[in-house]
**Q** 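Before I ask anything, here is the structure I am working with.
The structure displayed is predicted, hence computed values, not measured ones. Read the numbers this way: they start at 1 and go in the same order the structure lists the ligands and their atoms. One-based numbering along the sequence shown.
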Amino acid sequence: MSTIPFDTTPVFIGGRWHAGDSGQTLPLMNPSDGSVLAHIARGNAADIDAAVRAAQSALDGAWGALSATERGRLLMKMSALVLEQADELARLEALDVGKPLKQGRADAVALARYLEFYGGAADKVMGETIPFANGYTALTLREPHGVTGHIVPWNYPMQIIGRSVGAALAMGNACVLKPAEEACLTALAFARIGHAAGLPAGALNVVPGLGEEAGAALSSHPGVRHISFTGSVPVGALIQAAAAKNAVPVTLELGGKSPQIVFADADLDAALPFLVNAGIQNAGQTCSAASRILIERAIYDSVVQRMAERYRALRVGPAMDDPDVGPVISARQRELVQGYLSLVRDGALPIAAQAALPASLPAGGYYVPPTLVAQVPQGHRIEQEEIFGPVQAVIPFEGEAEALAIANGTAFGLVAGVWTRDGGRQMRMARKLQCGQVFVNNYGAGGGIELPFGGVKHSGHGREKGFEALYGFSTLKTIALKHD
Ligand code: NAD
């Protein structure tokens with residue numbers, strides 16, 4: 001407990017720290033050793049109601065009165081504070097999520113960049129004038145929805161807060177943020193940063209708590225006018241159903257089973273680090289993880305061998321030691337991943353490589369060995385289901401048509417990567433892949449804050465990141481003025 005620089009138990013509503021209505025707390029675990037790190041408030045429906053009211057008051061008061069430029073400047077100020085505190089934020093994320101320090105620092109830098117990007121964009125969202133009937137002037141305006149709800153998961157709290165709350169604030173919405181019960185320290189730190197930067201009271205409210213309590217209360221609250229949800233497919237469906245009762249739009253960023261497709265003419269030296277890193281980063285708990293690696297048969301053996309060498313060199317350890325791979329988030333997540341590894345063994349699928357778990361790992365930590373599974377047949381559960389752990393499936397293919405059939409053959413459609421030097425094939429593949437983002441000869445574009453992101457099929461709908469997010473976090477009003 002002593003390592004946390006502030007009291008974690010309150011909720012942040014209307015610019016003030018409150019004890020929370022229930023007076024109850026939830027334990028927050030340190031995934032690296034299984035110890036209790038802190039206790040967080042168990043926010044409930046009454047807290048959510050108070051937060052929504054505070055947000056509405058902010059819209060009716062000081063927050064709603066700011067110009068777009070003034071909102072943008074506040075976000076820029078928050079960005080500078082995040083950068084100043086990047087090391088501390090990385091440390092919180094290491095303790096809370098089990099995220100290696102350098103990955104946590106990269107997330108803090110990404111959060112700062114989101115705030116900078118959306119701060120700069122706040123006064124650049126324009127409407128249109130429309131050539132209409134004589135005697136009229138017709139135009140469109142982009143207006144905030146009002147109170148927006150943000151329900152985020154535990155895997156990338158800072159990045160997801162940056163892309164959703166950052167864009168929503170830029171458009172003039174007032175936000176109620178419900179972080180995940182497994183990891184919410186950087187969400188609380190974000191509330192402090194907003195307050196220190198001078199965000200008017202109520203513009204940003206943070207209520208930690210359980211999904212089925214605080215989360216469900218937020219998604220069904222009649223005062224909320226837009227919901228941004230990042231998380232699992234089943235909970236996404238619940239959120240959409242709750243929002244439908246209030247006729248409220250939702251952005252759903254759900255899971256994925258994203259492929260990287262490697263053709264025989266690819267620059268393998270360039271591809272290799274991306275093939276492995278995109279599978280094991282954050283212990284594989286990344287919605288856009290490249291959990292399937294499709295390799296053209298002519299180079300299949302040599303690529304698997306080179307990936308295996310990298311796997312064997314991976315260092316697994318506690319997050320504060322800044323390893324290549326830290327623990328997964330919880331004992332439950334470790335069990336889920338171990339269940340998939342049992343499927344691999346039961347199906348006698350060849351394990352091309354498995355990183356060793358050092359004997360010195362803390363006994364209570366939630367570690368699983370990063371595992372590269374070869375020759376995975378299309379349709380196998382390892383090939384179809386999101387594992388959310390450091391396990392990659394390698395699948396051989398022959399030619400573009402088979403690569404596309406495998407790549408598009410899951411329920412998901414979030415991201416895909418294509419490695420080839422053939423210009424025509426690059427664009428043919430990019431056009432035919434069923435997903436929201438395609439990377440050619442790279443994967444992830446270094447975070448791609450400026451690039452619209454989101455899925456098709458079970459990966460969700462709506463887009464966050466980039467300028468596009470500002471349209472999602474606003475509503476269009478048309479004005480037709482008759483003057484003759
Ligand atoms: P989850 O759906 O269980 O939880 C996500 C959030 O929803 C948490 O804040 C949780 O408290 C809340 N929640 C849970 N039940 C709720 C309910 N009934 N009503 C309202 N809110 C509720 O997901 P998770 O296990 O925490 O996260 C892992 C999943 O998230 C994976 O499937 C992953 O792919 C997905 N994810 C997607 C993206 C993306 O951008 N597409 C990013 C990160 C994670």
**Q** Which label fits Phe12 and Trp17: parallel for a plane angle under 30°, tilted from 30 to 60°, or perpendicular past 60°?
**A**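 Phe12 and Trp17: tilted rings.
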**Q** I need the nearest protein heavy-atom contact for atom 41 (N) of ligand 1: residue, atom name and distance, please.
**A**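 Ranked first by proximity to atom 41 (N) of ligand 1 is Leu254 O, 2.5 Å.
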**Q** So is Arg163 close enough to ligand 1, meaning a heavy atom under 4.0 angstrom away?
**A**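 Checking ligand 1 against Arg163, which is what was asked, there is a heavy-atom contact under 4.0 Å.
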**Q** Please work out whether the ring planes of Trp154 and Phe388 are parallel, tilted or perpendicular, with thresholds of 30° and 60°.
**A**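 Judged by the thresholds at 30° and 60°, the geometry between Trp154 and Phe388 is perpendicular.
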**Q** Which atoms from ligand 1 have a heavy atom of Gly255 less than 4.0 Å away?
**A**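 Selected atoms, number and element: 34 (O).
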**Q** Nearest to atom 24 (P) of ligand 1, what protein heavy atom do you find, and at what distance?
**A**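 Scanning the protein heavy atoms, the shortest distance from atom 24 (P) of ligand 1 goes to Trp154 NE1, 3.5 Å.
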**Q** Give me the nearest non-hydrogen protein atom to atom 20 (C) of ligand 1 as residue plus atom name, then the distance to 0.1 Å.
**A**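 Result: Gly215 C, 3.2 Å.
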**Q** Nearest protein heavy-atom contact for atom 28 (C) of ligand 1: which residue, which atom, what distance?
**A**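 Answer for atom 28 (C) of ligand 1: Phe388 CE2, 3.5 Å.
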**Q** As an exercise, identify every atom of ligand 1 less than 4.0 angstrom from a heavy atom of Ala180.
**A**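 Selected atoms, number and element: 9 (O).
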**Q** May I ask you to check whether over 12 heavy atoms, not counting those of His145, lie within 6.0 Å of atom NE2?
**A**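 Counting neighbours around NE2 of His145, more than 12 heavy atoms of other residues, nucleotides or ligands fall under 6.0 Å, so yes.
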**Q** List every atom of ligand 1 that sits less than 4.0 Å from any heavy atom of Phe453, numbering the atoms from 1 in the order shown and giving each element.
**A**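 Answer for ligand 1: 40 (O).
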**Q** Any idea which of Ser232, Ser459, Gly209 brings a heavy atom closest to atom 2 (O) of ligand 1?
**A**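 When every heavy atom of Ser232, Ser459, Gly209 is considered, Ser232 comes closest to atom 2 (O) of ligand 1.
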**Q** Quick test: of every protein heavy atom, which one is nearest to atom 18 (N) of ligand 1, and how far off is it to 0.1 Å?
**A**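 For atom 18 (N) of ligand 1, the nearest protein heavy atom comes out as Leu238 CD1, 3.6 Å.
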**Q** Do me a favour and list the nearest non-hydrogen protein atom to atom 12 (C) of ligand 1 with residue, atom name and distance?
**A**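 The answer is Ile151 CG2, 3.6 Å.
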**Q** Pairs of nitrogen or oxygen atoms closer than 3.5 Å, one from Glu386 and one from ligand 1: do any exist?
**A**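 There is such a contact, yes.
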**Q** Considering only the protein, which heavy-atom contact is closest to atom 44 (C) of ligand 1, and what is its distance?
**A**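 Checking every protein heavy atom, the shortest distance to atom 44 (C) of ligand 1 gives Asn155 ND2, 3.2 Å.
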**Q** Please report whether ligand 1 has a polar contact with Phe229, defined as an N or O pair separated by less than 3.5 Å (distance criterion only).
**A**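 It does not: no N or O of Phe229 is found under 3.5 Å from an N or O of ligand 1.
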**Q** Among residues at least two apart in sequence or on other chains, which ones pass side-chain contact (heavy atoms from CB on, under 4.5 Å) with Val456?
**A**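 Per chain and number, Val456 pairs via side-chain contact (heavy atoms from CB on, under 4.5 Å) with Arg463.
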**Q** Can you tell me if Tyr156 contacts ligand 1 (heavy atom of the residue under 4.0 Å from the ligand)?
**A**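 No, Tyr156 has no heavy atom closer than 4.0 Å to ligand 1.
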**Q** As an exercise, identify every atom of ligand 1 less than 4.0 angstrom from a heavy atom of Val152.
**A**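 In order of number, 6 (C), 8 (C), 9 (O).
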**Q** Considering only heavy atoms, does Val235 approach ligand 1 within less than 4.0 Å through its side chain, its backbone, both, or neither?
**A**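 Under 4.0 Å from ligand 1, Val235 contributes side-chain atoms alone.
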**Q** Between Ser22 and Arg42, what is the shortest heavy-atom contact and its length?
**A**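 Smallest interatomic distance, heavy atoms only, reads OG-O, 3.1 Å.
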**Q** Do Met29 and Ser330 have side chains that approach each other closer than 4.5 Å (heavy atoms only, starting at C-beta)?
**A**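 A side-chain contact under 4.5 Å is absent here.
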**Q** Please report whether atom 9 (O) of ligand 1 has a protein non-hydrogen atom at a separation of less than 4.0 Å.
**A**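 There is a protein heavy atom less than 4.0 Å from atom 9 (O) of ligand 1.
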**Q** Tell me which protein heavy atom sits closest to atom 14 (C) of ligand 1, plus the residue, atom name and distance to 0.1 Å.
**A**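 Scanning the protein heavy atoms, the shortest distance from atom 14 (C) of ligand 1 goes to Gly211 CA, 3.6 Å.
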**Q** Take atom NE2 in His461; do more than 12 heavy atoms of anything else shown fall under 6.0 Å from it?
**A**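 Yes, NE2 of His461 has more than 12 neighbouring heavy atoms, counting only those of other groups under 6.0 Å.
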**Q** For Arg315, does the CZ atom sit with more than 12 other heavy atoms under 6.0 Å from it, leaving out its own atoms?
**A**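 Yes.
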**Q** Taking only heavy atoms of Glu181 into account, list the atoms of ligand 1 that are under 4.0 Å away from them.
**A**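 That gives atoms 10 (C), 11 (O) of ligand 1.
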**Q** Got a sec: does the CZ of Arg53 have more than 12 other heavy atoms crowding it under 6.0 Å?
**A**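 Result for CZ/Arg53: open.
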**Q** Got Pro27 and His39 here, is their nearest side-chain heavy-atom distance under 4.5 Å?
**A**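 Contact flag for Pro27/His39 side chains = yes.
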**Q** Might you point out which heavy atoms bring Tyr114 and Lys465 nearest each other, and give the distance in Å?
**A**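 Taking Tyr114 first and Lys465 second, the nearest heavy atoms are OH-CE, 3.1 Å.
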**Q** Show which atoms of ligand 1 fall inside a sub-4.0 Å distance from at least one heavy-atom site of Glu253.
**A**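 Reading through ligand 1 atom by atom, the close ones are 37 (C), 38 (C), 39 (C), 40 (O), 41 (N).
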**Q** At their closest point, which heavy atom of Thr286 faces which heavy atom of Asn155, and how far apart are they?
**A**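 Result for this residue pair: CA-ND2, 4.1 Å.
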**Q** If you define the side chain from C-beta out and look only at heavy atoms, does anything of Val418 sit under 4.5 Å from Gln426?
**A**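 Of all side-chain heavy-atom pairs linking Gln426 with Val418, none is under 4.5 Å.
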**Q** Any atoms of ligand 1 less than 4.0 Å from a non-hydrogen atom of Pro153? List them with their elements.
**A**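 Within the 4.0 Å cut-off of Pro153, ligand 1 contributes 26 (O), 27 (O), 43 (C), 44 (C).
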